[in-house]
Peer 1: 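There's a structure below that I have some questions on.
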Amino acid sequence: MIDKPGVDERLLAAEVAAAWAVDIASLVFMPVGLDGHAWAYQVHTSDGRRCFLKMRRGEFTEAAVRLPRFLRAHGVSQVVAPIDLGDGGAGHRFGDYRLLLYPFHDGGSLWGRGLTDRQWIEYGEFLGRLHSVTPSADLAAVLPVETYRSSAGERLRTLAGPAAASEALGAFWNRYGAALHRLSERVDDLASRVTRGGHVVCHADIHPGNLIADGDGPLHVVDWDAPILAPRERDLMFVYSQDFGDHPINAHRAELFRRGYGPLEPDQTMLSYYRSERHLDDVAVFLRSILDCEASAESRANDLYWLTRIAETVADPGYLA
């Protein structure tokens, strides 16, 4: 979220200091991410360490906390897991919000600069390892399971009227509304045609924006908010789509990825379903955010940029090919 939350940051810093037993020198807001219910801060401690604080309105799911810990314990080194509290827990309540504290990793996300050849191989190695993990019975019990029943189409239909009537979105809706309704129909059609197969543990948002690295250094995988048991195409869609990051896959990068992941022939219908459903879900999220009367002009402009980018993609006649 690029708008600051309406909290007293001095109280927030004091809460973090007490909960994680750290002496905080400063708390710096980070205007990153597109989740309208989550905010980020960089925490500087008096002994020179840095941490990443994630604050969410409402609860973090149990899977979002437990899965990263499980993976780290089983040797998946790229996973960035939350730092334990003194009582062994991870999440901490702060009013209407929940807090998780993570190690901070330098370098920033790879959305803009892309992965090096070595990192494309590691990307494959990581996902291959993730998809081969067998979760414990108690962890599997808290992981959501793919149902192919998306709520995004209904959310789009609910927002269509307000969007068409709004000053901020009226022109956009006149231009792209029909294409977005076709997208919703496409998602329903693809959901009816996918071959229901085996499920693996999926990150579910494994685009380059959630890969952190310093130069050609090792990958650090963040944002484990929505893991799921689903076909591996749930994650592979981000690898093989051209929509995520400024340096998407090509033939050379695909070969590097396969070198790390191992032999694979993704199901093309499944990839199309996940790509279309993600676009539809993002559209519904951005429409609601832009229509929020409390959003700042800067936030609305940022969301409209990403919304228009998606709409241009799905309106292209080749999208349905």
Peer 1: Side chains of H92 and E15: do they bring a donor and an acceptor to under 3.5 Å?
Peer 2: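 A pair is found: one side chain offers a donor N or O, the other an acceptor, under 3.5 Å apart.
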
Peer 1: To the nearest 0.5 Å, tell me how far Q119 CD sits from E122 CD.
Peer 2: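 Interatomic distance, Q119 CD to E122 CD, rounded to 0.5 Å: 7.0 Å.
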
Peer 1: Return yes when atom CZ of R72 has more than 12 non-hydrogen atoms of other residues, nucleotides or ligands closer than 6.0 Å, and no otherwise.
Peer 2: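 Yes, CZ of R72 has more than 12 neighbouring heavy atoms, counting only those of other groups under 6.0 Å.
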
Peer 1: Could you tell me which non-hydrogen atom of R157 sits nearest to which non-hydrogen atom of S184, and how far apart they are?
Peer 2: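 Heavy-atom minimum between the residues: NH1-OG, 3.3 Å.
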
Peer 1: Atom CZ of residue position R193 - does it have more than 12 heavy atoms of other residues, nucleotides or ligands inside 6.0 Å?
Peer 2: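 Result for CZ/R193: enclosed.
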
Peer 1: Is atom CZ of R288 surrounded by more than 12 heavy atoms (other residues, nucleotides or ligands) closer than 6.0 Å?
Peer 2: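 Result for CZ/R288: open.
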
Peer 1: Does Y123 belong to the same Ile/Leu/Val/Met/Phe/Trp/Tyr cluster as V200, with side-chain heavy atoms less than 4.5 Å apart forming each link?
Peer 2: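 Y123 and V200: separate clusters.
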
Peer 1: Could you tell me if H252 and D117 have a donor-acceptor pair between their side chains, going purely by distance under 3.5 Å?
Peer 2: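 A donor-acceptor contact under 3.5 Å links the two side chains.
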
Peer 1: Quick check on D96: does its CG atom have over 12 non-hydrogen neighbours (other residues, nucleotides or ligands) under 6.0 Å away?
Peer 2: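 Result for CG/D96: open.
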
Peer 1: Between H247 and G114, which heavy-atom pair has the shortest distance, and what is it?
Peer 2: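 Looking at all heavy atoms of both residues, the shortest contact is CD2-N, 3.6 Å.
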
Peer 1: Any ion pair linking R300 and D292 (charged N to carboxylate O, less than 4.0 Å)?
Peer 2: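 Between R300 and D292 there is no salt bridge, as every charged N stays at least 4.0 Å from the carboxylate O atoms.
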
Peer 1: Which atoms form the tightest heavy-atom contact between T313 and R309, and what is the distance?
Peer 2: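 T313 and R309 have their closest heavy atoms at OG1-O, 3.1 Å.
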
Peer 1: Looking only at heavy atoms, what is the nearest atom pair of A284 and R155, with distance?
Peer 2: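 Minimum heavy-atom separation between A284 and R155: CB-NH2, 3.6 Å.
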
Peer 1: From the options F94, Y97, F52, select the one residue that forms a ring pair (Phe, Tyr, Trp, His ring centres under 6.0 Å) with W39.
Peer 2: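 Option passing the ring pair (Phe, Tyr, Trp, His ring centres under 6.0 Å) with W39: Y97.
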
Peer 1: So is R186 actually on top of Y319's ring, under 6.0 Å and inside 45° of the axis?
Peer 2: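 Because its charged atom sits under 6.0 Å from the ring centre and within 45° of the axis, R186 does stack over Y319.
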
Peer 1: If you look at every heavy atom in Y261 and L127, which pair is closest and at what distance?
Peer 2: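 Closest pair (atom of Y261, atom of L127, distance): CE1-C, 3.6 Å.
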
Peer 1: For E294, I'd like to know if atom CD has over 12 heavy atoms of other residues, nucleotides or ligands within 6.0 Å.
Peer 2: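 Atom CD in E294 is not packed in, count stays at 12 or less.
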
